[in-house]
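As a basis for the values below, the full set of heavy atoms in this structure was taken, side chains included, without hydrogen atoms, waters or symmetry mates. Keep in mind that this is a model prediction, so the values were computed, not measured.
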Amino acid sequence: MKRQNTIGIVDFGGQYAHLIASRIRRLGAYSEILSNEEPIETYSGLAGLILSGGPESVYEKDSPSLSPKVLELGLPVLGICYGHQLMMKLLGGEVKAGNAEYGRAALDFIDTNKTELLKGFRGGEVVWMSHGDEVTKLPNGFTRTASSQDCQFAVVENKDRRWFGIQLHPEVTHTEKGSVLLENFVRIAGAEGTWNLKHFLEQKEAELHKTVPTGKKVFLLVSGGVDSTVSYLLLSRALGQERVKGVLIDTGFMRKDEVSSLQSKLAPQGIQLHVHDASELFYSRLKGKTDPEEKRKIVGNLFLEAQADCARELELNSEEWLLGQGTIYPDTIESGGTKHSHTIKTHHNRVEAIQKLMEEGKIVEPIKDLYKDEVRELGSYLGLPKEWTNRHPFPGPGLVVRMIAQEKPFSESVQKELNDFLGPDPSLQGKLIPVASVGVKGDQRSYAHCAAIAGNKTWDELDKISTSITNKISNINRVVLLLGRSASEISSLSFSFQKIDLDKKDSDLLREADAIVEKILQKRNVYDQIWQMPVVLLPVGSQAGKRSIVLRPVDSQEAMTASFFHLQKEILDELVSEILRLPEIEYVFYDLTNKPPGTIEWE
């Protein structure tokens, strides 16, 4: 690639740094991820520079910064979130802790004709926010072009210098016209036409020929999801089918009838799976484990142990085989995979043992720089049918991360905060559940309480209520709706913690609930409208042995952001009715949390 056509993205550890790069490439411009400590010559040859978001506060000691000399190179610069705040600070503005904004906000224009960056905008567009700090004073030469309800300087610019600062995240699909904004910046930088999917394939095939030398083969862990399936097809295309072996590790935490179904459905794609039953190994090692991070790390290490057992079983020469994984970029970034990023959750394919193998050059990950929407597009290009490319994602650890086993007692002060927020309205009441879930607030991991609410409200009203609760109450990062019960009932219900074991009995129960949900979604022809629908088992009930189910349907494209799906009432009623036929299930909840602040999976 010619460097003068390149947009550089300076990574300050934000969840979205590589997503920005991906979006820029999809707009037809080549992009590169850079650190904030590159030699000045590295930046000088670029067409433009984007400063990413990040988990730190720019006014904190030792927070990542950038040499002011970079801003004096004459490049167009777009600062996003932390990058916006850092640019304002470096140029003489002020940044302070401000009103937290997580999720949707609307742009209010000061002057719709003022900026080339917002060409095509009219005002009122929905944008995605994720910040706790804000700019309070602009540097000399900057003007304000747009605000939101809680952010005075949502979009600012120095027109003469082609410097732009935005608090919103245009790279996520939930920002309306986010691609328009980024395309405008690419045009301002004059960097159009240097990137497409064909370029990626050509570069990836050439890269695989170098990283997988002649004489080496790839032992690929296949889960049946689109990521590992596309990885198999890409490796086979680059290396030849005889050098790739697909192995399915049956962990005991798969979906109902998953193993036999996968074998029959993948065969027409040229994927012959060897199934290795490691369920007893997984059940025994996970017994009594409750902490989300510990569970994920155990699963990651068990995959390696089971893979080694399988290799011995097949009498494979370990010196001849490399381990292949269908890792995609969100797995890496949420595991703290860049210099300044915080660990949101350790993915099973990013545990310490895997990292060590990567350092030794023994791991092959052909799609690790892609996002889910790109993987699906690549799958179509490689010949996968729509049924497969549109299949709901399923986490590598399987049902392990959908079985919440850890108790999280809450203080009465947090319950009081929730009560005070909801107020005296009898049509909307709520109470905390004694469990927590993993979330992401301002690019940092949160592990906080879940609030259950009940009331007859529209989806739009519930969306606003959920967003407000998680924005205003720092100890809550997830909100669920209690289904089939009225607001007046919730205060008298018992949401007691009931111990869950990560064993066959509880996983069988979750399998049944999950199968019920998928069957109804398919029957009602809404399965393809939903991006993903985790079904979560909660240790909540009025007495020992009772459990609860959370339905978590989401709308997303790239897994870095998501909004909860608005399911039709008649379908919801059928789901609740059928799930409650399972005698162990006492309550059914509906997750109202967007990402951020809640991750798609609870753990």
Side-chain angles (χ1 to χ4, degrees), residues 15-26 30-33 195-212 217-241 243-248 266 269-271 273 300 303 322-335 337-338 347-350 354-355 357-358 361-386 388-397 531-532 556-560 600:
Q15 289 293 296
Y16 306 145
H18 281 256
L19 185 51
I20 299 167
S22 169
R23 289 284 176 263
I24 295 296
R25 290 180 183 186
R26 292 173 72 80
Y30 185 63
S31 61
E32 286 184 12
I33 300 291
W195 179 255
N196 59 39
L197 189 60
K198 185 179 178 183
H199 289 154
F200 169 80
L201 272 175
E202 290 172 352
Q203 289 193 353
K204 184 55 63 175
E205 288 187 29
E207 178 188 312
L208 286 169
H209 283 298
K210 292 179 181 178
T211 56
V212 186
K217 300 178 182 179
V218 179
F219 188 91
L220 181 71
L221 297 177
V222 178
S223 68
V226 67
D227 300 335
S228 56
T229 305
V230 169
S231 295
Y232 186 103
L233 294 176
L234 180 51
L235 286 166
S236 296
R237 173 186 169 117
L239 306 176
Q241 275 197 333
R243 294 177 64 190
V244 185
K245 179 178 285 291
V247 175
L248 173 67
L266 288 176
Q269 307 306 322
I271 300 176
L273 277 186
F303 266 116
L322 302 176
L323 179 64
Q325 297 190 136
T327 307
I328 60 174
Y329 186 71
D331 299 347
T332 304
I333 192 64
E334 289 188 338
S335 298
T338 56
H347 286 258
H348 72 285
N349 45 25
R350 279 294 176 269
I354 290 287
Q355 299 282 13
L357 289 173
M358 291 173 67
K362 295 179 179 178
I363 297 287
V364 180
E365 296 177 319
I367 58 171
K368 64 182 174 64
D369 297 318
L370 298 184
Y371 299 83
K372 186 69 72 172
D373 54 339
E374 295 172 313
V375 175
R376 286 175 165 162
E377 184 181 342
L378 181 59
S380 297
Y381 188 88
L382 294 174
L384 273 181
K386 187 177 179 181
W388 209 260
T389 55
N390 286 355
R391 195 164 188 250
H392 286 189
F394 188 65
W531 190 80
Q532 186 178 7
S556 185
Q557 284 190 7
E558 74 300 289
M560 297 305 289
I600 294 175

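L201 places a side-chain heavy atom less than 4.5 Å from the side chain of L378. Inter-residue side-chain proximity for P393 and W531 is flagged as met; some heavy-atom pair is nearer than 4.5 Å.
Looking at residues two or more places apart in sequence or on another chain, you find no side chain to side chain donor-acceptor pair (under 3.5 Å) involving R376. Partners of K198 according to the side chain to side chain contact (heavy atoms under 4.5 Å, CB included) rule, which considers only residues two or more places apart in sequence or in another chain, are N196, E202. With sequence neighbours excluded, no residue forms a salt bridge (charged side-chain N to carboxylate O under 4.0 Å, His left out) with R243. With sequence neighbours left out, Q241 forms a side chain to side chain donor-acceptor pair (under 3.5 Å) with no residue at all. Remark: K245 engages no residue in a salt bridge (charged side-chain N to carboxylate O under 4.0 Å, His left out) (not counting sequence neighbours). In this structure, the side chain to side chain contact (heavy atoms under 4.5 Å, CB included) partners of R25, at least two apart in sequence or on a different chain, are Y30, S31, W195.
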Please lay out, stage by stage, how L19 and R23 fare under the test side chain to side chain contact (heavy atoms under 4.5 Å, CB included). CA-CA 6 Å; L19 185 51; R23 289 284 176 263; 4.0 Å; yes

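Distance NE2/H209 to CG/L239: 6.5 Å, rounded to 0.5 Å. Distance check: L220 CG to L234 CG gives 10.5 Å after rounding to the nearest 0.5 Å. A distance of 8.5 Å separates CD of E365 from CG of L323, quoted to the nearest 0.5 Å. Expressed to the nearest 0.5 Å, how far OG1 of T229 lies from CD1 of I271 amounts to 5.0 Å. Going from atom OG of S228 over to atom CZ of F394 covers 12.0 Å, rounded to the nearest 0.5 Å. Atom OH of Y232 sits about 12.5 Å away from atom CG of L384, to the nearest 0.5 Å.
Between E207 and K204 there is a salt bridge, since at least one side-chain N of the basic residue sits less than 4.0 Å from a carboxylate O of the acidic one.
In plain terms, the two heavy atoms of L235 and P366 that are nearest each other are CG-CG, 4.0 Å. For the residue pair I367 and G326, the shortest heavy atom distance occurs at CD1-O, 4.2 Å. For the residue pair L273 and V247, the shortest heavy atom distance occurs at CD2-N, 4.1 Å.
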